[in-house]
Amino acid sequence: MMPLRDVKDHPKRKVNLIGIVVEFSIPRMSEGTDYCTILKVVDRSQQSPELSVNVFIDDVHQLPHIRSRRDIILLSCVRIERHKQDVYAVFNKSFSSFALFDGKCSSVFSPYQTSPAFCLLDSDKPFITSLRNWCLTFQLDPGISPYVVSLNDIKEREYVDLVCKVLGVCEVSSNEWVLFIWDGTDVPPLSFNTKLEEQNSTRLQIESVPLPTSIISNFPCVGTVLRVIADQAFGKLGYHFHSIGQWVRIRNILFEVDSGLWKGFLTCASKVRLLSENDNSVAECKRNLTERLSRSGRVPMSSYHVSNFITVLTLTDYESTKFATLMDLLTFSKDKGRFRCIVRVVAICPSQVKDFWSPAGLSRIRVTLEDPTARIHALLCGEDAVMQLYILLMLKFGLA
DNA sequence: TTGGGG
């Protein structure tokens, strides 16, 4: 077994390695015939630079899938290569093999995943024990980096890192999967098109089909749940992405705006670092959310300084009711409920006043409401509809 | 073969 610090002295050689996996790229199709994931590995002999291990296998499910932070990978017969100034290892399916082990201290040496040709030797076991013991004292890289931003600070066409919780994954159209991520903050409100004739194109969500209740019911009610698109190069992401429910630092996410909604994209440079619940950056996210709730309640971060909103909303009959978010509405378990929300009006249908009344004299107006957690349609019906709409227009155009 | 990144 070769210590990682010696790898640089053995270019073109095939070697056996063992180390802690501290980062992995999300498996995706390569430009060749295989799926690829790139692991970053450290051991007692070398933590910086982390050794890259480029793994190529034609079945995405057979690529190594890291379950927990500090898990151990044993690599047999990987070839050492050099690219520019970097030395790295290449896993070739025709002659390499791997096994993944739980990194927690134990006397269990059965791997939780292996490549087909892997064979564990008795002589491997002391190396596994040694790494498990070393992990007890080694401080793994925390979630801090110069590129980390919170969802509250994202900008269009910018690559950044996010410390966030992965809430779920779902196929939203053929060959397109979405990760749902959350850090407890709100994405910045976007300016939207106020041309009346174009308002009806306003969408409620990125995805073209309603999400399963099983996904939505896991969404927190405060803070934006951001959609991150994985295109078809990532395959059937839901079947091979195993970090659901975990806090992670995702590196190199790209942000764009579509239909007035934020969405992220996984790129070929996107990578995942699993974080502990006690990681400093994770603890900071949780602390910020607790402080936010105790200071301002369930109010959009962007409205903290917009007193006009509050003035208008006190015209409602439910002044004593605490503010809720639109996600509170969407995840409400009963059939009926009264809520008091701070929202933006992003569209009105019909867009022409002459169309507000049906031939029978009934008014039926649909508005699209938005807060950082969701968009919904709200129907204004009956005799009060025009007055309700007047209040909403005051909100929309700042007439209050 | 593929990949490699601030």
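So you know, we letter chains A, B, ... as the sequences are listed, proteins then strands, and number each from 1.
- Separating the NZ atom of Lys271(A) from the P atom of dG6(B) is a distance of 9 Å, rounded to the nearest angstrom.
- Per the geometry, CZ belonging to Phe24(A) stands 16 Å off P belonging to dG5(B), to the nearest Å.
- Residue side chain Lys93(A) reaches the base of dT1(B) through a donor-acceptor N/O pair under 3.5 Å, judged by distance alone.
- Rounded to whole Å, atom P of dG3(B) lies 16 Å from atom CD1 of Ile57(A).
- Aromatic ring pairs are classed by plane angle as parallel below 30°, tilted from 30° to 60° and perpendicular above 60°; the pair Phe219(A) and Phe180(A) is tilted.
- Here Thr33(A) lies in heavy-atom contact (under 4.0 Å) with a base.
- In this structure, CD1 of Ile250(A) is placed 17 Å from C1' of dG5(B), rounded to the nearest angstrom.
- Rounded to whole Å, atom C1' of dT1(B) lies 11 Å from atom CZ of Arg79(A).
- Residues forming a salt bridge (Lys or Arg N to Asp or Glu O under 4.0 Å) with Lys125(A) (at least two apart in sequence, or on another chain): Asp122(A).
- Applying the salt bridge (Lys or Arg N to Asp or Glu O under 4.0 Å) criterion to Glu277(A), with sequence neighbours excluded, gives Lys286(A).
- Val160(A) comes within contact range of at least one nucleobase, with a heavy-atom separation under 4.0 Å.
- Looking at Asp161(A), its side chain comes within 3.5 Å of the base of dG6(B) through a donor and an acceptor atom.
- Look at NZ on Lys84(A): it is 14 Å from P on dG3(B), rounded to the nearest Å.
- Among pairs with a residue in residues 14-73 of chain A, those fulfilling ring-ring contact (aromatic ring centres under 6.0 Å, His included) read His65(A)-His240(A), His65(A)-His242(A), at least two apart in sequence or across chains.
- Under the salt bridge (Lys or Arg N to Asp or Glu O under 4.0 Å) criterion, the residue pairs touching residues 77-95 of chain A are Asp34(A)-Lys93(A), Arg79(A)-Glu81(A), with sequence neighbours excluded.
- For residues 165-178 of chain A, no residue pair satisfies the side-chain hydrogen bond (donor to acceptor under 3.5 Å, both in side chains) rule, not counting sequence neighbours.
- For the pair Met29(A) CE and dT1(B) P, the interatomic distance rounds to 15 Å; values are reported in whole Å.
- In this structure, Phe332(A) has its ring center under 6.0 Å from that of Phe339(A).
- Atom CD in Glu31(A) sits about 16 Å away from atom P in dG5(B), given to the nearest Å.
- In the region residues 230-237 of chain A, proximity to DNA chain B at under 4.0 angstrom, judged on heavy atoms, holds for none of the residues.
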